[in-house]
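Letters A, B, ... are given to chains in the order of the sequence lines, protein chains preceding strands, and every chain is numbered from 1.
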Protein chains: 2
Amino acid sequence: MIARTGEPEEVMELWIVEDDALYRRTIAALLHEIPGMRCDHAFGRCEDALKAIETESAPDVLLMDIGLPGMNGIEGTARVRQVSPSTRIIILTVHEDNDKIFDALCAGASGYLLKSSAPEEIVGAMREVVRGGAPINAQIARRLLAMFTDLAGPRAVSPLTHREREILKLMVDGLTKKQIAAHLILSYHTIDTHIKNIYAKLEVHTRGGAVARALHDHLL
Amino acid sequence: MIARTGEPEEVMELWIVEDDALYRRTIAALLHEIPGMRCDHAFGRCEDALKAIETESAPDVLLMDIGLPGMNGIEGTARVRQVSPSTRIIILTVHEDNDKIFDALCAGASGYLLKSSAPEEIVGAMREVVRGGAPINAQIARRLLAMFTDLAGPRAVSPLTHREREILKLMVDGLTKKQIAAHLILSYHTIDTHIKNIYAKLEVHTRGGAVARALHDHLL
DNA sequence: AAACGAATACCGCGAATGCGGTATTGCCTG
DNA sequence: CAGGCAATACCGCATTCGCGGTATTCGTTT
């Protein structure tokens, strides 16, 4: 995409946000050895990095930790992307729970690595990310895939009958029992009984709960 | 169930489904050189692979093309996963459009590589996948991330206040007004008013509708 | 034929809901 | 400083809901 004429000036500017001073320096030192990369800043807090972006210029790539004092790395990722959309952010953390991964990627991170990654993997990720790729640790990718599969998955385990699903669907659409009865040309009492059964099967006691389960567990 | 063939020897059984005979043989030859891998079968059609799985035993890893005569690779992936859940499937294709990627991963593929990938990347992927990882080409991963970000995109347009979101969240959890009031240490009447306002903003008239919008439009 | 689950229908009652009001207190922003 | 918005609080009433029953019909499975 970027037609280069061999300028030796194409240095990748790279920043780090990592609260553990030791790990921060280790990484910074590691990256400093790589030709074509420069690491001018390494912060212990998101807030500092944000300030630096606004006063000076933004980096090409930002290595971001998640567990940070003050603003966490996910919130930080979103903020950085707001003020500098061109900055690619790579999460580098010990957290490997689905929520963190999901939130970080939703916040706009371009990559997700674990601190257990080999140094070469980290360096490779830098290179990959400026080329437009999204370096994601294979273990993390597995989690991502799992999210996808159960996104379109457990509809078979739905314990509801056809009728019940039909009625649940109408509840999701915001209809009252009376309206559902009219819509399905059934008695009000019938709907009432069905809803009663739906609640029992879903182990909820309110419309809100039932609808939430219906959508969350994707059983429609 | 499927007969377990894994334990005795450390050799990874690997099959290929690829309609282009030349490419198929090239890959098979490539993999055959790798110590610890064995490629007994290479098919041109999913149907043949499926049949082989049922008559013989299933492979540890299956390299699957998408564009195939007869059953396509995505459908095939789903089928193979049904009859042999332990078989990890890696898509190896030229297709890089979002739909294919999405569908393949939803169908249960454990990896997604492009045919333009370097041989080492393919071999690395095999190793990675049996270790529980999900080898995904960085370019593909980028697409995945894009899906995530616009999956959680229109949250900024949430017209709700903090309090309202908080209450809506509790409605999703299936609490009654009274319970919400107790939970937030607020008056019942306050909750009542808030819910009234939430309904107005979301243009719904029932709990079901509100919860559905909350989850569907991802505005919590 | 018997047994069973699903779908249907009906009843009654206490609790919760939806919605129309009004009103006070802060906190911003113009 | 005025006005607006968010959060808070209170009232009343018709409606709806949740849930405890009971009961009939119909298609499967046994």
Side-chain angles (χ1 to χ4, degrees), chain A residues 54 71 75 79 82-83 154-220, chain B residues 154-220:
Chain A
E54 279 172 14
M71 185 188 301
E75 175 73 16
R79 296 291 187 86
Q82 277 188 327
V83 298
R155 125 178 30 194
V157 295
S158 170
L160 302 180
T161 65
H162 292 299
R163 253 309 182 227
E164 289 165 347
R165 258 195 298 281
E166 204 172 2
I167 291 170
L168 183 52
K169 171 104 177 57
L170 293 174
M171 288 198 279
V172 169
D173 290 342
L175 303 198
T176 66
K177 288 183 191 176
K178 193 184 287 183
Q179 291 173 321
I180 294 174
H183 195 275
L184 296 181
I185 319 180
L186 291 177
S187 157
Y188 167 86
H189 305 287
T190 303
I191 303 303
D192 185 61
T193 302
H194 280 308
I195 290 184
K196 210 185 307 179
N197 295 333
I198 292 172
Y199 284 3
K201 289 184 181 180
L202 298 187
E203 297 173 326
V204 299
H205 309 275
T206 63
R207 259 176 148 64
V211 170
R213 284 194 70 92
L215 295 182
H216 183 265
D217 295 359
H218 211 272
L219 34 78
L220 280 185
Chain B
R155 132 178 37 185
V157 296
S158 170
L160 302 179
T161 64
H162 291 299
R163 245 323 176 223
E164 287 165 350
R165 258 195 297 283
E166 203 171 3
I167 291 170
L168 182 53
K169 172 109 180 52
L170 294 174
M171 288 199 278
V172 169
D173 290 342
L175 304 197
T176 65
K177 288 184 193 177
K178 194 183 287 183
Q179 290 172 321
I180 294 174
H183 195 275
L184 297 182
I185 319 179
L186 289 177
S187 156
Y188 167 85
H189 306 287
T190 302
I191 303 302
D192 185 61
T193 303
H194 280 308
I195 291 183
K196 210 185 307 180
N197 294 332
I198 290 172
Y199 284 3
K201 289 184 180 179
L202 298 187
E203 297 173 325
V204 298
H205 309 276
T206 64
R207 260 177 144 64
V211 170
R213 286 193 68 91
L215 295 181
H216 183 265
D217 296 359
H218 213 275
L219 35 77
L220 281 185

Would you check if A:T190 and A:R163 make a side-chain contact, meaning some heavy-atom pair closer than 4.5 Å?
no
What is the bend of the helix from C:dA1-D:dT30 to C:dG30-D:dC1 when you compare the axis at one end with the axis at the other, using five pairs each and rounding to 10°?
60°
At what distance, to the nearest 0.5 angstrom, does CG of A:L160 lie from CG of A:L202?
5.0 Å
Report yes if some heavy atom in the side chain of B:L170 is under 4.5 Å from a heavy atom in the side chain of B:I191; otherwise report no.
no
Could you go through nucleotides 18-22 of chain D and list every protein N or O atom that sits under 3.5 Å from one of its N or O atoms, giving the distance for each pair?
unit_1	atom_1	unit_2	atom_2	d
D:dG18	OP1	A:Y199	OH	2.9
D:dG18	OP1	A:R207	N	3.3
D:dG18	OP2	A:Y199	OH	3.1
D:dG18	N7	A:K177	NZ	3.2
D:dC19	OP1	A:H205	ND1	3.3
D:dC19	N4	A:D192	OD1	3.4
D:dC19	N4	A:D192	OD2	2.7
D:dG20	N7	A:K196	NZ	3.3
D:dG20	O6	A:K196	NZ	2.8
D:dG21	O6	A:K196	NZ	3.4

Among residues two or more places apart or on two chains, list those pairs meeting side-chain hydrogen bond (donor to acceptor under 3.5 Å, both in side chains) that have a residue in residues 192-211 of chain A.
A:E164-A:K201, A:K177-A:D192
Measuring from A:H183:NE2 to A:I167:CD1, what's the distance to the nearest 0.5 Å?
12.0 Å
Would you please test B:E166 and B:K169 for salt bridge (Lys or Arg N to Asp or Glu O under 4.0 Å) and show each step?
CA-CA 5 Å; B:E166 203 171 3; B:K169 172 109 180 52; over 6 Å; no
With a cut-off of less than 4.0 Å, is there a side-chain N or O of A:T176 near OP1 or OP2 of D:dT15?
no
Kindly point out which of C:dA7, D:dT16, D:dA9 is positioned nearest to the side chain of A:K178?
D:dT16
By nearest-heavy-atom nucleotide on DNA chain C, the more 5' of A:K201 and A:I185 is A:K201
Would you say a side-chain N or O of B:H162 is under 4.0 Å from OP1 or OP2 of D:dA7?
no
Taking 4.0 Å as the cut-off, does a side-chain nitrogen or oxygen of B:T190 come that near to OP1 or OP2 on D:dA9?
yes
Shortest side-chain distance from A:H194, nucleotide among C:dA9, D:dA9, C:dA7
C:dA7
